[in-house]
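What follows is a short report on a single structure.
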Amino acid sequence: MSNELAKNFEPKSFEEALYKKWETSGYFTPDVDPNKEPFCIMMPPPNITGQLHMGHALTYTIQDIIIRHKRMLGYSALWLPGTDHASIATEVKIVDMLAKEGITKESLGREGFLKRAYEWKETYGGQIVRQLRRLGSSCDWTKEAFTMDKQCSKAVVEVFVRLYEKGLIYQGDRMINWCPSCLTALSDAEVEYENQQSHLWHIRYPYVDGSGYIVVATTRPETMLGDVAVAVNPNDKKYIDKIGKLLKLPLTDREIPVIADDYVESSFGTGAVKITPAHDPNDFEIGLRHDLEIVKVIADDGTMNENAFAYVNLSREEARDKIVKDLESLGYIEKIEDYEHNVGCCYRCHTTIEPIVSKQWFVSMEQLAQPAIEVVKDGSVSFIPERFSKIYFNWMENIKDWCISRQLWWGHRIPAWHCKDCGHITVSRQVPDKCEKCNSLNIYQDEDVLDTWFSSALWPFSTLGFPNQTKELEYFYPTNVLVTGYDIIFFWVARMIFSGIENMGKFPFSEVLIHGIVRDALGRKMSKSLGNGIDPIMLIEKYGADVLRFSLCMGVAPGADIRFSEDKMEPIRNFLNKLWNASRYTLMNIEGLDLPKLETFELSNIDKWMLNKLNEVSNELNKNLNSYDLGIASAKLYDFIWGEVCDWYIEFTKPTIYGENEELKLNTLAVLKFVMQQSLKLLHPFAPFITEEIWQKLGDSETIMNTNFPVFNKAFSFKKEHEQIEHLKEIIKAIRNLRAQMDVEPSRKVKLYVNTKSKDLIALNSTYIERLAGCSGIEFVDSSDELNDKFATIVTSVVQIYIPLGDLIDVAKEFERLDLEIGKLNKEIQRGKSMLSNQGFISKAPQHLVEVERKKLADNKDKLEKLLIRRAEL
RNA sequence: GGGCGCAUAGCUCAGCUGGGAGAGCGCUUGCCUUACAAGCAAGAUGUCGGCGGUUCGAGCCCGUCUGCGCCCACCA
């Protein structure tokens, strides 16, 4: 194998092959090893409906970074992948697809439909899993799960039966959210509210006795056909004598009473509310309190039913128009106001939700919610950032029973069998052959399937073998961190927490890392309807997965949304290319050489400075990664690799590497190789492909994936050398700056005359100064008197440097430059003096900070003095 | 109605427990210097939204106001 790298990095040329190698080598599969500490992340399973989008790319990048870091730290790290059947979302898509073929799901029948659905799953479920690999996700595919596979389904049935037996699952007639388009019930969490411009219709309901009328206001006139009362506040003087009177319901032959209920606010609208228990949640409650009839007028498909008098079979919308028109022409309309209000919509198809009373299955939440609130309160489970726990509490503390039945076919069928003879419901783990109560064979399984989130709620343990107590379950449960967006805290996180506690006796994870969502360049949510989505696979094709991953996390604050556009990719591409070339430099110089081990020779000052820096970065990076501050960690790596390793360290190695001293050269190269190797390891969790590709040539093991992540090492702490080389950098920068200001041609080498008490600093590092600042020759002097030529001066706290530049020196310009410097210094000195003369600062600030200020002041005074002398001489 | 977030350089955003304001892009100037022009070097740019408070010291903590965004609730 050649050890050469191409001039520019081409991710396309190596990413897929490396992934294949990782996967087939089994690197993603951790051992159940009692001697190692487990670390487990459950992958939020993507829906089988789709394509990888930027939201996936973000969340899986974060998870992969965390898991790769832990793996390199020696944990037995499991990232368990899988897909979600996404009951309603998938069924909607399949129905659409069938519609294009001119088929309805009813014509196929349940069996036929499910056959098509499984085919669909094979096609599209496979796609997203392939795309996950493109991203570099180091998940254990041997444990890949699917919410409807045998294992997960077994867990679903087990949990359902357990909850039923404990009385925590029940069937009942309740007000639920009905989607007239998907034709199914929905949970509260599945309803989204949209602000809509509408009207408030004021309608006159005449008293039966002919003594005038009462005016009610409504946003939904079509529901009036289902009115069974008009409610007023019991203390409302306006209506107090009307309570109990009968009203004639317009457009119908029905008579309804005026009733009193505290729910009504006298001050709002007319102070009288029409009551439609069948089609409004609040009215339903009032209906229960007053034992009112439930008159349903809207059918499940959103059309008016047989109770709708002249409006039977009209759609909700048509009925509204016609009813309003009829009321108007009959003089029942008092007035129509413009009105803005929120309308509940289906989170999948955005059809307006119809609240209806229906027989559904529910999970009783109160008892389950309590311990789930507790584990977050007592810190057993913590949200990162912490503020998201408020969202969680808000939901959990006001939780209502969870409607879990769906009138769909794609999903887990409810394990309940109804007896046609005695009506008893048999809930069972196995398919029963007879009614458990009356032994009748005349039983049939409930037609409904479960809410898709019922199975996702069990994900942290169903995927590890529950209800069987497998060794994996024992080892990896509870898992460590759950990573997800804030948009599914209710849907998923909350439900996993109470499900874990209820079924496993222990919360499913100890940390919940919440990230934001990826938005477009204008800050809008990426959506299909807007067409503003960016395809991550396209970006991977163009720039490589590493660039995408890195651009999604560099400099991003925890929990913050990301405004993303393709132009964020290029700077990262350049960064990785920089790393690529630094590696190329290393490789071309170590080619064929036998390098000494680091412990066998004396490190140079540059070596020590670099190793110290590396050590510090490693230390900080571990801290940042352990607290999941990936934005800070990635930015730090960018600065370190580009700003320190490439800009300074590699330049420092050149005089030696291109020099004559063979021994020094080998030593330097040994350090260089080590520094590059460590840097690759540090970067590997973020950019797995490029680091592995380089490791294949520069590393000394089979894969970088299983190397040890660099950690703080006391032996590489070199404080003195750090300060020395930082000062050297300052000198070099000052010379470069001066050269630029004086328009010294880059090719022109200048000689330096140095006046300093720290001659060692200069003498030891003269070659670096010469090479990096474009100088030739350094001579020590005791004063500028020893120079004949015109010169410019540079002053630091340690040295005074004279640079003879002959005619390039413009005395007026030099005055200007010095005055500017002197001005700045005076300000600094002023600041330092006032701080140090502040008694409060001296006595209350930490001692080391006071010291720092003292030293700064002394240095500045020293510099100023030198500059003033120089100015006087000019 | 309740809660949360954001407001920092022309643009996009960092800034961890309070201790002299940062990055990337863009801009100016000069360079193809044997890792890299996807590059190198040097530079310019900020009443850290307003006001008040705590503190020796505030971009950071507290209060308040303004503007933008989000979530929950759903008074018909």
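- Spacing between B:G39 and B:G52 at atom P, rounded to whole Å, works out to 46 Å.
- Nucleotides B:A7 and B:C16 are separated by 12 Å at their P atoms, to the nearest Å.
- Residue A:Asp639 is out of contact with every strand shown, counting any heavy-atom pair closer than 4.0 Å.
- Distance CG (A:Leu587) to P (B:C36): 14 Å, rounded to an integer number of Å.
- Contact annotation for A:Tyr638: backbone-only contact, meaning every heavy-atom pair under 4.0 Å involves sugar-phosphate atoms and none involves a base.
- Heavy atoms of A:Arg831 sit under 4.0 angstrom from at least one base atom.
- Residue A:Ala582 is classed as a base contact, given a heavy-atom separation below 4.0 Å to a base.
- At a threshold of 4.0 angstrom between heavy atoms, the contacts of A:Lys654 include nucleobase atoms, whether or not backbone atoms are also involved.
- When the nucleotides B:U12, B:C36, B:C40 are ranked by their closest atom to the side chain of A:Lys568, B:U12 comes out on top.
- Among the protein residues, A:Arg387 comes within range of the sugar-phosphate backbone only, with heavy atoms under 4.0 Å from sugar or phosphate atoms but none that close to a base.
- Phosphate proximity of B:G39 to A:Asn574: present, with a side-chain N or O under 4.0 Å from OP1 or OP2.
- Residue A:Trp648 places no side-chain N or O under 4.0 Å from the OP1 or OP2 atom of B:A41.
- Here A:Tyr193 lies in heavy-atom contact (under 4.0 Å) with a base.
- Close to B:C72, at under 4.0 Å from its OP1 or OP2, lies no side-chain N or O of A:Lys400.
- For the strand RNA chain B, secondary-structure stems (runs of at least three Watson-Crick or G-U pairs, all distances below 3.5 Å) span B:1-7 with B:66-72, B:10-13 with B:22-25, B:27-31 with B:39-43, B:49-53 with B:61-65.
- For B:C40 and B:C48, the C1' atoms lie 32 Å apart once the distance is rounded to whole Å.
- Taking OH of A:Tyr332 as the start and CG of A:Leu249 as the end, the distance is 9.0 Å to the nearest 0.5 Å.
- Nucleic acid contact class of A:Asn737 (heavy atoms, under 4.0 Å, all strands): sugar-phosphate only.
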Requested in this report: Quick one, give me the B/S/- string for nucleotides 55-60 of chain B, reading 5' to 3', where B means a protein heavy atom under 4.0 Å from the base and S means that only happens at the primed atoms, P, OP1 or OP2.
Outcome: -B----
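- Rounded to whole Å, the C1' atom of B:C11 lies 33 Å from the corresponding atom of B:G57.
- An OP1 or OP2 oxygen of B:A37 is reached within less than 4.0 angstrom by a side-chain nitrogen or oxygen of A:Lys7.
- Comparing B:U12, B:C71, B:C40 by their closest approach to the side chain of A:Lys578 singles out B:C40.
- Residue contacts shown for A:Gly555 are limited to sugar-phosphate atoms, with no base heavy atom under 4.0 Å away.
- A:Glu853 and A:Arg831 are joined by a salt bridge, as a carboxylate oxygen and a charged side-chain nitrogen come within less than 4.0 angstrom of each other.
- Atom CG in A:Leu522 sits roughly 14 Å away from atom P in B:G69 (whole-Å rounding).
- Taking the six-membered ring where tryptophan is involved, the planes of A:Tyr339 and A:Phe268 are perpendicular, since the angle between them exceeds 60° and thus also 30°.
- When the side-chain nitrogen and oxygen atoms of A:Lys390 are compared with OP1 and OP2 of B:G3, none of them lie within a distance under 4.0 Å.
- Residue-level contact check: A:Asn342 touches the bases, meaning some heavy atom is under 4.0 Å from a base atom.
- Heavy atoms of A:Ala560 sit under 4.0 angstrom from primed sugar atoms or phosphate atoms, though from no base atom.
- Between B:G69 and A:Lys525, no contact under 4.0 Å exists linking OP1 or OP2 to a side-chain N or O.
- No engagement by A:Lys274 is indicated, since no non-hydrogen atom pair under 4.0 Å with the nucleic acid exists.
- Using a 4.0 Å heavy-atom criterion, one finds that A:Val264 contacts the bases of the nucleic acid, with or without backbone contacts as well.
- At a threshold of 4.0 angstrom between heavy atoms, the contacts of A:Trp201 with the nucleic acid are absent.
- The pair A:Glu10-A:Lys12 does not count as a salt bridge, with every side-chain nitrogen at least 4.0 angstrom from each carboxylate oxygen.
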